[in-house]
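These figures come from a predicted structure and were not determined experimentally.
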Amino acid sequence: MFSFKNFSFDFTKIKELRSKIKYIQDMQIFSLSFVLACALWFIVVGSSQIEGDIHLRVEYTQLPENLMITKGLEDTIRVRVRASTELLRSLQNRDITYPVRLNQATVGANVFPVKVNAYGDFKGLEILSVSPSYLLLETDILLEKKVPIEISFTEKENEDLYIRNLNLSPSEVTLRGPKEKLEAIDTLKVTFDINQIEKAGSHSKNLPLILPEFVEADNPVTTLSFETWYDLVPVNLTRLVQLEKGGENFITEPRTVNIELEIPESKVEAFNVEPSYMAQVRAIVQSSNAYTDGQLLPVHINLPKGANLISVTPQYVKIIKNKN
C-alpha cells in the first residue's frame, strides 16, 4: 500500500537537469547559427563579381636558330577580367605564363594575336580586355662576324709624353647579332684617356668594348698594354725641409736636402726652368704621431706632374726642438 510518508521528491536534481538540457539546446542553436552565417558569407562573397587585372608573363619559345628578335619584345600581357573576389585573388597571386611559339617566324615583321579566351585558367571567366591584343615582332638573320679592335687615345695634355710598344689582347673579337647591325661594323674602337698616366713605365688597362644593341662579343673586354716615357732633362736643386701641422716648435737637422730629378723638356726654355713648375717641388717630413725631439724620419718629395725623382740626400733627417 502506497504511503506519502515513504515518498520524497528531490527538486534540486530537477533544476540541474533542466539547466543541462537548456545548455545543450543553446549550444545546438549557436552551432547551427554559425554554420548558417558561414554559408551565407561564402554565398555572398563567392557570388559577388568584381573587376581586376591579371598580368601574364610572356615566354617566347621555338624561335628558329638562324633568327633573332630585334624589336617588339613584350615582357607581360595585361588581362582585364570580371570574376568572383576569391577567384580573382587566386589568379593574381600566381605566376602565370603566356607561351608564344615562334617556330613559324620569318625574317621581318611577324604578327602573333594574343588569345586568352580558351587559355588554361581563363576558361569560364568574363574577359573584358587584353593589352596588347597582338604582338608585333621583328626578326633578322642571326650572324657571326670577326672584326679587329682599334685603340684611340684622347688628346695629350702633356706634350712630353710618348707611347710605345702598344698591344691589345685580344686584338679581334667574334661578334654575334642581327645581320643589319653586323654588316655596318668593320672595326670596334675603344678609347683610352692617356692623361690618366702620370709616370713613365709599363702600363696595363682593361677596357670594355662598346657594342651596338643586340650585338654580343665572345670577349667583351680587351686588355691594353703599353709603355710611356717623357723627354726629360736632369735638374739639381736644394729644398728647405718642411714639417706638417704640429711641427711649429721643431726644426730638422740638416735643414735642407739636395734633390736630383728629371723634368719634361718643355718646362725648360733657354736653360731657365719654369718657376711655377719648380715651385711644386717640396721636401716634407711626415709623422703619423706628434713630432718628438730626436726622431729620425724619412724625407718625402712632392713632385709636379711629369717629373721623375732620381735621388734625395740625405734620405732621413733628425727632428730637434727649436730653441728659438
Undergrad: Looking at Leu87, is its backbone amide N or carbonyl O close enough to the side chain of Ser84 to form a donor-acceptor pair, meaning the two atoms are under 3.5 Å apart?
TA: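 Present.
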Undergrad: Would you say Ser287's side chain and Asn289's backbone share a donor-acceptor pair under 3.5 angstrom?
TA: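 Judged by distance alone, yes, a pair lies under 3.5 Å.
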Undergrad: Return the set of residues passing salt bridge (Lys or Arg N to Asp or Glu O under 4.0 Å) with Asp95 (not counting sequence neighbours), or none when no residue passes.
TA: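 If we apply the salt bridge (Lys or Arg N to Asp or Glu O under 4.0 Å) test to Asp95, skipping adjacent residues, the hits are Arg57.
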Undergrad: If we count only N and O atoms by modelled type, under 3.5 Å, do the side chains of Glu274 and Ser276 hold a donor and an acceptor together?
TA: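 There is such a pair between these side chains.
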Undergrad: Would you call Glu253 and Lys318 a salt bridge, taking side-chain N to carboxylate O under 4.0 Å as the test?
TA: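 No, no charged N to carboxylate O under 4.0 Å.
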Undergrad: Would Lys156 and Tyr162 count as a cation-pi pair here, with the cationic atom under 6.0 angstrom from the ring centre and within 45° of the axis?
TA: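 Yes, a cation-pi geometry holds between Lys156 and Tyr162.
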Undergrad: Output, in order, the C-alpha distance, side-chain angles, deciding distance and verdict of side chain to side chain contact (heavy atoms under 4.5 Å, CB included) for Val81 and Leu128.
TA: CA-CA 5 Å; Val81 301; Leu128 303 178; 5.8 Å; no
Undergrad: If I take atom OH from residue Tyr134 and atom CD1 from residue Ile77, how far apart are they, to the nearest 0.5 angstrom?
TA: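 With rounding to 0.5 Å, OH (Tyr134) is 13.0 Å from CD1 (Ile77).
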Undergrad: Should the pair Glu51-Arg82 be classified as a salt bridge under the 4.0 Å nitrogen-to-oxygen rule?
TA: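 Here Glu51 pairs with Arg82 in a salt bridge, since their nearest N and O are under 4.0 Å apart.
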Undergrad: Show your working on side chain to side chain contact (heavy atoms under 4.5 Å, CB included) between Ile320 and Thr252 and close with a plain yes or no.
TA: CA-CA 6 Å; Ile320 58 176; Thr252 64; over 6 Å; no
Undergrad: Just wondering, do Leu161 and Thr228 contact through their side chains at under 4.5 Å, heavy atoms?
TA: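 SC-SC contact between Thr228 and Leu161 confirmed.
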Undergrad: Checking Pro64 now: which residues fulfil side chain to side chain contact (heavy atoms under 4.5 Å, CB included) with it, not counting sequence neighbours?
TA: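 Applying side chain to side chain contact (heavy atoms under 4.5 Å, CB included) to Pro64 gives Asn66, Leu67.
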Undergrad: Side-chain heavy atoms nearer than 4.5 Å, only ILVMFWY residues, links allowed to pass through others: does that put Val285 and Ile251 together?
TA: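 Each belongs to a different hydrophobic cluster.
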Undergrad: Quick one: does any side-chain atom of Tyr291 pair with a main-chain N or O of Glu244 as donor and acceptor, under 3.5 Å?
TA: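 Looks like yes, one N/O pair under 3.5 Å.
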Undergrad: Can you see which heavy atom on Val114 is nearest to which on Pro132, and at what distance?
TA: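 Heavy atoms of Val114 and Pro132 come nearest at CG2-O, 3.5 Å.
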Undergrad: Backbone N or O of Gly246 within a donor-acceptor pair of the Glu248 side chain at under 3.5 Å?
TA: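 Yes; at least one donor-acceptor contact below 3.5 Å.
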Undergrad: Who pairs with Thr238 by side chain to side chain donor-acceptor pair (under 3.5 Å), at least two apart in sequence or on another chain?
TA: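 Thr238 satisfies side chain to side chain donor-acceptor pair (under 3.5 Å) with Asn258 only.
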Undergrad: Return the CG to CG distance between Leu73 and Asp75, rounded to the nearest 0.5 Å.
TA: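 These two atoms lie 7.5 Å from each other.
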Undergrad: Do the side chains of Ile163 and Phe153 get nearer than 4.5 Å, heavy atoms only?
TA: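 They are in contact (side-chain heavy atoms under 4.5 Å apart), so the answer is yes.
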Undergrad: Donor-acceptor check, side chain of Asn195 to backbone of Glu157, threshold 3.5 angstrom: yes or no?
TA: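 At least one qualifying donor-acceptor pair exists.
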Undergrad: With sequence neighbours left out, write down each residue that passes salt bridge (Lys or Arg N to Asp or Glu O under 4.0 Å) with Glu260, or none if nothing qualifies.
TA: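 Partners of Glu260 by the salt bridge (Lys or Arg N to Asp or Glu O under 4.0 Å) criterion come out as none, since no residue qualifies.
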Undergrad: So, Gln295 side chain and Thr292 main chain: donor-acceptor pair closer than 3.5 Å or not?
TA: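 Pair found, side chain donor or acceptor close to backbone of Thr292.
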Undergrad: Can you list everything that forms a salt bridge (Lys or Arg N to Asp or Glu O under 4.0 Å) with Asp53? Sequence neighbours excluded, please.
TA: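 Only Arg78, Arg80 meet the salt bridge (Lys or Arg N to Asp or Glu O under 4.0 Å) criterion with Asp53.
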Undergrad: Give the intermediate values and the outcome of side chain to side chain contact (heavy atoms under 4.5 Å, CB included) for residues Asn167 and Ser225.
TA: CA-CA 5 Å; Asn167 181 62; Ser225 58; 3.5 Å; yes
Undergrad: Specify the closest pair of heavy atoms between Ala307 and Tyr277, including all atoms of both residues, with the distance to one decimal.
TA: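 Heavy atoms of Ala307 and Tyr277 come nearest at N-OH, 3.4 Å.
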Undergrad: What I'd like to find out is whether the side chain of Leu261 reaches to under 4.5 Å of the side chain of Val281, using heavy atoms alone.
TA: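 Answer yes - side chains close enough.
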Undergrad: If we ignore hydrogens and angles and just use 3.5 Å, is the side chain of Lys71 paired with the main-chain N or O of Glu138 as donor and acceptor?
TA: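 Judged by distance alone, no pair lies under 3.5 Å.
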Undergrad: Does any N or O in the side chain of Tyr60 come within less than 3.5 Å of the main-chain N or O of Glu74, such that one atom is a donor and the other an acceptor?
TA: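 Here the side-chain-to-backbone pair exists.
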Undergrad: Looking at residues at least two apart in the chain, or sitting in another chain, which of them share a side chain to side chain donor-acceptor pair (under 3.5 Å) with Asn206?
TA: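 Residues passing side chain to side chain donor-acceptor pair (under 3.5 Å) with Asn206: Thr223.
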Undergrad: Taking all non-hydrogen atoms of both residues into account, name the closest pair between Gln104 and Asn110 and its distance.
TA: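 Looking at all heavy atoms of both residues, the shortest contact is O-OD1, 4.4 Å.
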Undergrad: Do Leu232 and Ile263 come close enough that some side-chain heavy atom pair is under 4.5 Å?
TA: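 A side-chain contact under 4.5 Å is absent here.
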Undergrad: Report whether Ile301 and Leu237 are members of the same hydrophobic cluster (ILVMFWY, side-chain heavy atoms less than 4.5 Å apart, transitive linking).
TA: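 Yes; tracing contacts between hydrophobic side chains, which count when under 4.5 Å, links both residues.
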Undergrad: Do Ser152 and Val190 have side chains that get closer than 4.5 Å, going by heavy atoms?
TA: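 No, their side chains stay 4.5 Å or more apart.
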Undergrad: Could you tell me whether Arg239 atom CZ has more than 12 heavy atoms of other residues or ligands within 6.0 Å of it?
TA: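 Counting neighbours around CZ of Arg239, more than 12 heavy atoms of other residues, nucleotides or ligands fall under 6.0 Å, so yes.
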Undergrad: Is any side-chain heavy atom of Asp293 less than 4.5 Å from a side-chain heavy atom of Ile319?
TA: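 Result no, sub-4.5 Å side-chain heavy-atom pair not found.
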Undergrad: Show the numbers, then the answer: is there a side chain to side chain contact (heavy atoms under 4.5 Å, CB included) between Phe226 and Arg164?
TA: CA-CA 6 Å; Phe226 57 96; Arg164 63 188 175 193; over 6 Å; no
Undergrad: Test salt bridge (Lys or Arg N to Asp or Glu O under 4.0 Å) on Glu216 and Arg176; report intermediate values, then the result.
TA: CA-CA 5 Å; Glu216 297 178 350; Arg176 192 168 187 266; 5.1 Å; no
Undergrad: Thr187 versus Pro148: any side-chain heavy-atom pair under 4.5 Å?
TA: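 Sidechains of Pro148 and Thr187: in contact.
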Undergrad: What are the two closest heavy atoms between Ile310 and Glu262, and how far apart are they?
TA: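 Nearest pair, atom of Ile310 first, then Glu262: CD1-CG, 3.5 Å.
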Undergrad: Are Leu175 and Asp218 packed together at the side-chain level, in the sense that at least one heavy-atom pair is separated by less than 4.5 angstrom?
TA: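 No - every pair of side-chain heavy atoms lies 4.5 Å or more apart.
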Undergrad: Between Pro254 and Val241, what is the shortest heavy-atom contact and its length?
TA: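 Closest heavy-atom pair between Pro254 and Val241: O-CG2, 4.4 Å.
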Undergrad: So is Lys321 actually on top of Phe250's ring, under 6.0 Å and inside 45° of the axis?
TA: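 Ring-cation test returns yes.
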Undergrad: So which heavy atom on Leu136 is nearest to which on Val111, and how close?
TA: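 Leu136 and Val111 have their closest heavy atoms at CD1-CG2, 3.8 Å.
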Undergrad: Any donor-acceptor pair under 3.5 Å linking the side chain of Thr222 with the backbone of Leu207?
TA: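 Not at all, since once roles are kept as given, no pair shorter than 3.5 Å links the two residues.
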